[in-house]
Amino acid sequence: MSSNEVREVIIIGGGPAGYTAALYAARANLQPLVIEGFNWGGQLMITSDVENYPGYPEGIMGPEMMQDFRRQAERFGAEFVTDDVTRVDVSERPFRVWVEDEEHRAQTVIIATGASARQLGLESEVKLQGRGVSYCATCDAAFFPQKHVVVVGGGDSAMEEATFLTRFASKVTIVHRREEFRASQIMLDRARANEKIEWITNAVVDEVLGDGHVTGVRLRDVNTDETWEIEADGLFAAIGHDPNTGLFLDQLDHDEAGYLITKPGSTETNIPGVFAVGDVVDHVYRQAITAAGTGSMGALDAERYLAAQQGHVMAAEAAPRV
Ligand code: NAP
C-alpha cells in the first residue's frame, strides 16, 4: 500500500526526542507524521518517578510525561502511526519509510529510535523478566525492600544502579566479568564505600534460578569454569545499551557500537535531509532532557533544510529558460 503524498517530515520514534521534534515541526506547520513504534514512549515507559526533568518540581511518572509530550505535539497537528518501521530507503528522494507493506514518503526524515538496555542472553533471564529480572533500578528498586539483589556489570550504570538499590535492598552483590572496572573512579569509589555492596569479580551469571520468581543465580568463574549458586531475590542487568539502528546501518554513517554519527553542532547525518536525534546518537548523556533538546534541534534543522530546498526550487523556476 502506498500513498502519493510526500510529507515534509517523517519522524521515526516516539520518545522524548521524537515527540519534541514532532512538537517543533508541527508548530512550524510541517505537519509531521510520527511513526512512534508499537511500544511508543521509549525508555521512560519503564521508569517510575522522573525527578530531574525541569518544570516538574514534584516529579512526574515517566509514562504520564510521555503522554503529555505526545499530546502537546498532537495539539499542533502532528499525526501518529502506532507501529514499528520495518524498512527505510534514504538512497533516493523522496525518502521512503515502510510499516510492513504500507509506504510513507517524505522530503526529510528525523530518526529518534533511541536505545535499548542490553540483555545477558539467557533463556532463564527472559522467562523471569518482570519477575525479579530488571534492567532499571530506578524503576524497580522499591520492589526489593530488605532483599538481596545481584547487579551485573562493571560500568557507571552498574555502580549507579547498585548504589541506588542499597536505599531499599539489605544487600547488593555486584558481579563483574573482569577484575578491572570500566566505571569512572568517583562512581566506583562511592560504590566501594557502601557497606551494603559486596563484590564478585571474574564471574558471569550462567543461569537465573527460580520458578515464577527469581530465587538465585548460578555464577561461573571465567578463569576456572567452576560454577556455584547464590541466593538472591532479584537480578539487575546493567551492562549497557544498544542503539536501535538496525534499519539504518547499511545506509548511514555510524560508530563501532552502531550509534549514528551527525555533523558536529548539527543533527544532520551523512545524507542531507536525514537527521538523527536523542539516544540513537548519544551514548554519553542519555537523559530525557538531552534527548528532548536534540529533538528540537532536529526539527529546526529539517525546517531550515526544507526552506533551503524550496529556495532552490523557486530560484530554478525564476531562472530564464534558454
Ligand atoms: P558500559 O560503560 O558499556 O559498561 C557495561 C559494563 O557491562 C562493562 O563493565 C562490561 O564489561 C559489562 N558487560 C557488557 N556485556 C556484558 C555481558 N554480556 N555479561 C557481563 N557483563 C557485561 O555501559 P554503562 O555502564 O551503561 O555506561 C554507558 C555510558 O553511560 C558510559 O559512558 C557511562 O560513563 C555513562 N553513564 C554515566 C553515568 C553517570 O555519570 N551518572 C551513569 C550511567 C552511565 P567489560 O568492562 O568487561 O566490557
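Computation of the quantities below employed the complete heavy-atom set of this structure, encompassing side-chain atoms and omitting hydrogens, waters and symmetry-equivalent molecules. As the structure lists them, so they are numbered: ligands from 1, and atoms in each ligand from 1. Predicted, not measured: the structure shown is a model, and the values here were computed from it.
When hydrogens are left out, the protein atom nearest atom 32 (O) of ligand 1 is H283 O, 4.0 Å; that is the closest non-hydrogen contact. Looking at atom 9 (O) of ligand 1, its nearest protein heavy atom turns out to be G154 N, 3.0 Å. In terms of protein heavy-atom proximity, atom 35 (C) of ligand 1 is closest to V284 O, 4.0 Å. Counting protein heavy atoms only, atom 7 (O) of ligand 1 is closest to I239 CA, 3.3 Å.
The hydrophobic clustering, which links ILVMFWY residues whose side-chain heavy atoms are closer than 4.5 Å, places W228 and L235 together. Under the 4.5 Å side-chain heavy-atom criterion for grouping Ile, Leu, Val, Met, Phe, Trp and Tyr, F144 is connected to I174 within one hydrophobic cluster.
Taking each of D156, V222, D242, I186 in turn, the one with a heavy atom nearest to atom 36 (N) of ligand 1 proves to be D156. Across the listed options E160, R182, E179, R177, R182 owns the non-hydrogen atom lying nearest to atom 3 (O) of ligand 1. The option from A257, S157, G155 that lies nearest to atom 27 (O) of ligand 1, judged by heavy atoms, is S157.
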task: Report the C-alpha distance between T227 and D206 in whole Å, list the side-chain angles of each, state the deciding distance to 0.1 Å, and finish with yes or no for side-chain hydrogen bond (donor to acceptor under 3.5 Å, both in side chains).
output: CA-CA 8 Å; T227 63; D206 232 13; 5.9 Å; no
- request: Decide yes or no on side-chain hydrogen bond (donor to acceptor under 3.5 Å, both in side chains) for T82 and E36, but give the supporting numbers first.
  value: CA-CA 5 Å; T82 308; E36 59 184 348; 2.5 Å; yes
- prompt: Does the side-chain hydrogen bond (donor to acceptor under 3.5 Å, both in side chains) test come out yes or no for S116 and N244, once each step is laid out?
  reply: CA-CA 7 Å; S116 304; N244 300 318; 2.9 Å; yes
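The shortest heavy-atom distance from R286 to ligand 1 is under 4.0 Å. A heavy-atom separation below 4.0 Å is found between M187 and ligand 1.
The shortest N/O to N/O separation between H241 and ligand 1 does not fall below 3.5 Å. Of the polar atoms of G153, none of the N or O atoms is found under 3.5 Å from an N or O of ligand 1, judged by distance alone. No N or O atom of R118 sits closer than 3.5 Å to an N or O atom of ligand 1.
When the side chain to side chain donor-acceptor pair (under 3.5 Å) test is applied to R96, no partner is found at least two apart in sequence or on another chain.
Here the side chains of E198 and H148 are not in contact, with every heavy-atom distance at 4.5 Å or above.
Using a 4.0 Å cut-off to heavy atoms of R178, the atoms of ligand 1 that qualify are 45 (P), 46 (O), 47 (O). Numbered from 1 in the order shown, with element, the atoms of ligand 1 that lie under 4.0 Å from a heavy atom of G240 read 23 (O), 26 (O).
Residue pairs that meet the ring-ring contact (aromatic ring centres under 6.0 Å, His included) test with at least one member in residues 250-295, sequence neighbours left out, are Y259-H283.
There is a side-chain donor-acceptor pair under 3.5 Å between Q129 and Y135.
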